[in-house]
Number of protein chains: 2
Amino acid sequence: MTRSEENYLKAIYHLGSSQNKAVATNAIARQMDTKPSSVTDMIKRLSEKGLVNYRKYQGVTLTQNGRNAALGIIRKHRLWEVFLVEKLNFSWDEVHEMAEQLEHIKSEQLIDRLDEHLGFPKFDPHGDPIPSKSGVFKKSNKRLLTEVPLDTEGICVGVKDSSAAFLKFLDKNNIALGDKIVVREREEFDGSLFIEIDENKMHISNQIASNLYIQLEVL
Amino acid sequence: MTRSEENYLKAIYHLGSSQNKAVATNAIARQMDTKPSSVTDMIKRLSEKGLVNYRKYQGVTLTQNGRNAALGIIRKHRLWEVFLVEKLNFSWDEVHEMAEQLEHIKSEQLIDRLDEHLGFPKFDPHGDPIPSKSGVFKKSNKRLLTEVPLDTEGICVGVKDSSAAFLKFLDKNNIALGDKIVVREREEFDGSLFIEIDENKMHISNQIASNLYIQLEVL
DNA sequence: ATAAATATTTAGACAAAACTAAAAAATAGT
DNA sequence: ACTATTTTTTAGTTTTGTCTAAATATTTAT
């Protein structure tokens, strides 16, 4: 499979073929920053290879083979992200570009050894689940801080609003990706939260909480 | 730069442009398992980009830019090989294919962090020197066991004859890549050697010794 | 139900990187 | 010095993946 084919499969998966919804040509074009006509071309090729189901004008879904291929690429992407963050000390927001390249390295052996080297992680640094070799994965336990149950420990894995202003705010208040967070109390009146962040108590507004993603621990 | 361009530069470097000899079209074609006409095409492109010096029918040399690019790729290749062997426990003979792919990953940051993660190694698992960020590297201290001075410790990093028969012999005699080796005595009569291999004393024929590469330690 | 808007596909081109076949230059052998 | 051989280059195609422009299908709005 070519690199380009892999990228299309991944895009189709992310655009909803994970839930087996048919994905529109236009949506793929937007996602991949390319033209709809190019997408049509590629879809035909993928269809001939039995990786997608395609009927003219009706959008596209992944076949079982296509889905497996997509999951394989996602597995590689996320394992490499873990490597970059855990072993090379990159931060969550620096790794995507590199992982986009690394995910196309072809070697079963390599990715299995990497998996082992990393201790078979189940989630990537953004809290997204890592499919196993055979394509199974845990449901993500990533949710907004506003939706986390009380007294349950989680790890800060992402932001919804990635504006400079918000990131600066986080920085000033010593909230960083990877921090351990527990919600201790929810204020009914304004939806603000009392939290503990790496053992320090804090009070944050609903505004803030609704822009922070937390990954809850799962066994 | 495209992947293909990078591979051509590397091939030209290895074929003698390291010593600034002009490299023949045919030689490149052989090395890259491609046709001479394809090589001519590519050389023209590289020449337009200022990466090689080219005069029709006269062969090709690398420009300074070309040489730097080639060294950059070699640096990446060899650092990834160290990673594969040291961190993922692959053996010397399994890593080349993977490194061929990994060497094309584009990210200065990534390779510098990898370098640091590995402790700034100066040689790869085959005993070949790793160019620094700025393109300088130690001369290889890789040589045949027959040419190693007495009482000088080295590490077994390669074989000249990689026939199954020879590899089987090594296996049977417990000689493996990565073993520490010291030559204690050379027998004038038949050129055989008394060596210590990981503390065990052994006597090996000149035949054997002249097919084993040793990397001598350097500071 | 039909016109307007939107989405999708087709047709034809292009660039990169390869190929084959044929021509031209360089080298070697006598 | 002049063939014969080898090497290199040119010319013309092919494949992959993209593009633009035009044609066709579908959806939406009245």
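Labels below follow one simple rule: chain letters A, B, ... track the order of the sequence lines, proteins then strands, and each chain is numbered from 1.
Between the C1' atom of dA23(C) and the NZ atom of Lys56(B) lies a distance of 12 Å, rounded to the nearest Å.
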Write down the protein N/O and nucleotide N/O pairs, taken from nucleotides 1-4 of chain C, whose separation is under 3.5 Å; answer none if there are no such pairs.
none

At a cut-off of 3.5 Å, list every protein nitrogen or oxygen paired with a nitrogen or oxygen from nucleotides 17-19 of chain C, distance to 0.1 Å.
{"from": "dA17(C)", "atom 1": "OP1", "to": "Thr2(B)", "atom 2": "OG1", "distance (Å)": "2.7"}
{"from": "dA17(C)", "atom 1": "OP2", "to": "Arg45(B)", "atom 2": "NH1", "distance (Å)": "2.3"}
{"from": "dA18(C)", "atom 1": "OP1", "to": "Ser4(B)", "atom 2": "OG", "distance (Å)": "3.3"}
{"from": "dA18(C)", "atom 1": "OP2", "to": "Ser4(B)", "atom 2": "OG", "distance (Å)": "3.3"}
{"from": "dC19(C)", "atom 1": "OP2", "to": "Thr34(B)", "atom 2": "OG1", "distance (Å)": "2.7"}
{"from": "dC19(C)", "atom 1": "OP2", "to": "Lys35(B)", "atom 2": "N", "distance (Å)": "3.2"}
{"from": "dC19(C)", "atom 1": "OP2", "to": "Ser38(B)", "atom 2": "OG", "distance (Å)": "2.5"}
{"from": "dC19(C)", "atom 1": "N4", "to": "Asp41(B)", "atom 2": "OD2", "distance (Å)": "3.4"}

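The stretch residues 81-106 of chain A participates, sequence neighbours left out, in these ring pair (Phe, Tyr, Trp, His ring centres under 6.0 Å) pairs: His77(A)-His96(A), Trp80(A)-Phe83(A), Phe83(A)-Phe83(B).
Ile43(B) is listed as a side-chain neighbour of Ile28(B), based on a closest heavy-atom distance under 4.5 Å.
Salt bridge annotation for Glu103(B)-Arg3(B): absent, with no cationic side-chain nitrogen under 4.0 angstrom from a carboxylate oxygen. The pair Lys133(A)-Glu108(A) meets the salt-bridge criterion, with a side-chain N (NZ, NE, NH1 or NH2) lying under 4.0 Å from an Asp/Glu carboxylate O. A salt bridge does not link Lys10(B) with Glu5(B): none of the charged nitrogens is closer than 4.0 Å to a carboxylate oxygen. Between Lys122(A) and Asp128(A), no side-chain nitrogen of the basic residue sits less than 4.0 Å from a carboxylate oxygen of the acidic one, so the salt-bridge criterion is not met.
Taking 4.0 angstrom as the limit, Lys44(B) places a side-chain polar atom (N or O) nearer than this to OP1 or OP2 of dT10(D). Dashed line: the shortest gap from a side-chain N or O of Tyr57(B) to OP1 or OP2 of dT10(D) is not under 4.0 Å.
Listed nucleotides dT10(D), dA26(C), dT9(C) differ in distance to Pro36(A); the shortest reach to its side chain belongs to dT9(C).
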